[in-house]
A.B. asks: 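Sharing a structure, written as structure tokens. Questions coming.
Heavy atoms only: backbone and side chains are in, while hydrogens, waters and symmetry mates are out.
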Amino acid sequence: MSPGSTPLRLGDIVHPVVAGLISVIVNYGGTFILVFQAAKVAGLSPDLTASWVWSVSIGVGLTGLFLSWRYREPIITAWSTPAAAFLVTALATTPYAEAVGAYMISAAAFIALGMSGCFEKVIRLIPPGIASGLLAGILLQFGIGAFGGASADPLLAGLLIVAYLALKRFSARYAVVGILLIGLAFLLTQGRVDLSGLTLEFAAPVFTMPVFSPNALLSVALPLFLITLTGQYMPGMLVLRNDGFRTSANPVVTVTGLGSLVMAPFGSHAFNIAAITAAIATGEEAHEDPSKRWIAGIAAGCFYILVGVFGVTLAAVFMAFPATFITTLAGLALLGTIGGSLAAAMADPASREAALITFLASAANIKLFGIGGAFWGLMIGLVASLVLNGCLPRRVRTAPTVNDGVSK
């Protein structure tokens with residue numbers, strides 16, 4: 001995929017920018033509440049909480065913007081959602097300064113992993129059918145959520161679904177843009193998003209001197225590393241691969257690890273390549289021309305930085321959107337990716353059953369030993385491939401690319 005193969009026009013910018021905005025809205029509206037819950041458990045002051053929001057938002061924005069610009073691919077970065085969920089319990093028994101030290105150790109481990117080149121080699125060994133089945137399984141719940149919201153809020157969900165179908169029929173290119181605007185207009189008309197009390201105040205980062213302890217190393221740093229690796233980096237890289245992007249995992253892991261290390265003393269727990277929200281920007285809904293989708297990564301990075309500059313204020317705005325709006329918007333935006341992943345998973349008769357098992361195991365979202373469903377879905381799929389086909393694939397060949405930032 002050659003970067004910048006054709007000149008950019010104004011029409012090429014709108015759709016990737018909206019895709020980037022939707023990915024940011026879904027991230028803040030869907031999972032950011034976990035950060036506030038973890039901060040409350042840790043007993044953090046409002047200033048420290050705002051610093052956490054600042055550091056994770058600015059860090060995610062800068063790393064995603066840089067990687068998307070450097071490799072001309074939609075490399076969306078995000079905070080580690082499973083890690084935030086883990087911290088809701090871990091911070092109850094770990095002093096905050098020790099937790100910051102653990103964040104730094106985990107980040108340093110990711111830098112070492114990225115520079116070693118090992119992770120990229122593992123990614124390339126995963127068969128395409130298994131990778132597609134894994135992605136379809138991860139995204140299935142979001143597709144279901146697009147229609148499940150009709151039970152709680154039938155008017156809002158019904159409006160978005162009908163608008164999506166109508167726009168898809170008459171102007172498919174503007175379907176996702178259209179439902180975003182229609183949904184926001186509907187919510188504002190009904191007074192369900194109150195912006196009257198919104199005051200934009202700059203966030204101030206607060207430095208916390210890290211403390212390194214064996215207890216935090218084992219109880220926070222190690223689980224944080226494993227959870228982020230298996231729950232974010234693995235499916236995140238497979239999202240890129242599934243849509244035909246070939247940037248090496250090595251610079252992605254290295255850059256996000258370095259960003260996490262720099263921002264950790266200001267509260268950021270971990271950030272990484274995105275998985276679910278990245279799929280909104282990597283598929284055809286973002287732009288029919290894959291070489292133009294990198295703009296979505298730039299846009300998402302800018303939106304994250306904007307939120308970070310104003311700290312808790314803008315994050316609270318996105319979190320104020322009704323849950324039905326977030327889930328329906330995300331599900332409809334991901335329909336194309338889910339359908340494409342299922343088609344790719346079932347394409348090869350020889351690997352179809354193993355891919356189907358991967359899809360179902362991933363959709364089941366198994367959670368064992370503190371590790372999430374993406375990892376177990378992948379492991380079950382690889383075992384199924386081994387048993388059904390007699391061997392694991394030696395290597396998945398990929399086309400040469402100028403975007404591999406690190407030699408393999």
A.B. asks: How about Ser132 and Asn242: does a side-chain donor come under 3.5 Å of a side-chain acceptor?
C.D. replies: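 Looking only at side-chain atoms, Asn242 and Ser132 do form a donor-acceptor pair, the distance falling under 3.5 Å.
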A.B. asks: Quick one, Asn27 with Tyr304, criterion side-chain contact (heavy atoms from CB on, under 4.5 Å). Give me CA distance, side-chain angles, the key distance, then yes/no.
C.D. replies: CA-CA 10 Å; Asn27 245 352; Tyr304 279 125; 2.6 Å; yes
A.B. asks: Supply the atom-to-atom distance Ile273 CD1 to Leu240 CG, rounded to the nearest 0.5 angstrom.
C.D. replies: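 Ile273 CD1 to Leu240 CG: 4.0 Å, rounded to 0.5 Å.
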A.B. asks: Quick one about Asp289 and Ser291 (side-chain donor to acceptor, distance below 3.5 Å, no hydrogens or angles considered), yes or no?
C.D. replies: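 Short answer, yes.
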A.B. asks: For Thr256 and Leu67, work out which heavy atoms get closest and say how close.
C.D. replies: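 Looking at all heavy atoms of both residues, the shortest contact is CG2-CD1, 4.3 Å.
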A.B. asks: Would you check, one step at a time, whether the test side chain to side chain donor-acceptor pair (under 3.5 Å) holds for Tyr164 with Thr328?
C.D. replies: CA-CA 10 Å; Tyr164 177 83; Thr328 306; over 6 Å; no
A.B. asks: Is there a donor in the side chain of Asp243 and an acceptor in the side chain of Thr282, or the other way round, less than 3.5 Å apart?
C.D. replies: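 Yes, a side-chain donor-acceptor pair sits under 3.5 Å.
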A.B. asks: Return the orientation label for the Tyr103 and Trp52 ring planes: parallel under 30°, perpendicular over 60°, tilted otherwise.
C.D. replies: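 Geometry flag for Trp52 against Tyr103: tilted rings.
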A.B. asks: For Ala345 and Ala355, which heavy atoms make the closest approach, and how far apart are they?
C.D. replies: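 Smallest heavy-atom distance, with atoms named: O-CB, 3.3 Å.
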A.B. asks: Decide yes or no on side-chain contact (heavy atoms from CB on, under 4.5 Å) for Leu156 and Phe325, but give the supporting numbers first.
C.D. replies: CA-CA 7 Å; Leu156 176 58; Phe325 176 68; 3.9 Å; yes
A.B. asks: Applying side-chain contact (heavy atoms from CB on, under 4.5 Å), run through Val35 and Val56 and close with a yes or a no.
C.D. replies: CA-CA 10 Å; Val35 170; Val56 76; 5.6 Å; no
A.B. asks: Considering all heavy atoms of both residues, which atom of Ala78 and which atom of Ala274 are nearest to each other, and what is their separation?
C.D. replies: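 Scanning both residues, the minimum pair turns out to be CB-CB, 3.8 Å.
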A.B. asks: Does the separation of the ring centres of Phe321 and Tyr28 fall below 6.0 angstrom?
C.D. replies: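 Judged by ring-centre distance (under 6.0 Å), Phe321 and Tyr28 do not meet the cut-off.
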A.B. asks: Check Arg241 with Glu73, please: is the shortest side-chain N to carboxylate O separation under 4.0 Å?
C.D. replies: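 Between Arg241 and Glu73 there is no salt bridge, as every charged N stays at least 4.0 Å from the carboxylate O atoms.
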A.B. asks: Just by distance, no angles: are the side chains of Thr63 and Thr77 close enough, under 3.5 Å, to form a donor-acceptor pair?
C.D. replies: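 Yes, because at least one side-chain N or O of Thr63 sits under 3.5 Å from a partner of the opposite role on Thr77.
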A.B. asks: Would you say that Val309 contacts Trp54 through its side chain, given a criterion of any heavy-atom pair below 4.5 Å between the two side chains?
C.D. replies: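 The answer is no; the side chains never approach within 4.5 Å.
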A.B. asks: How about Phe142: does its CZ atom have over 12 heavy atoms from other parts shown lying under 6.0 Å from it?
C.D. replies: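 Not buried by this count: 12 neighbours or fewer within 6.0 Å.
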A.B. asks: Distance alone, cut at 3.5 Å: any donor-acceptor contact between the side chains of Ser55 and Ser268?
C.D. replies: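 Not at all, the side chains of Ser55 and Ser268 share no donor-acceptor pair under 3.5 Å.
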A.B. asks: Quick one: CD1 on Ile22 to CG on Leu180, what's the gap to the nearest 0.5 Å?
C.D. replies: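 The distance works out to 5.0 Å.
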A.B. asks: Apply the test side-chain contact (heavy atoms from CB on, under 4.5 Å) to residues Glu98 and Val220: give CA-CA distance (whole Å), side-chain angles for both, the deciding distance (0.1 Å), then the verdict.
C.D. replies: CA-CA 9 Å; Glu98 291 186 17; Val220 179; over 6 Å; no
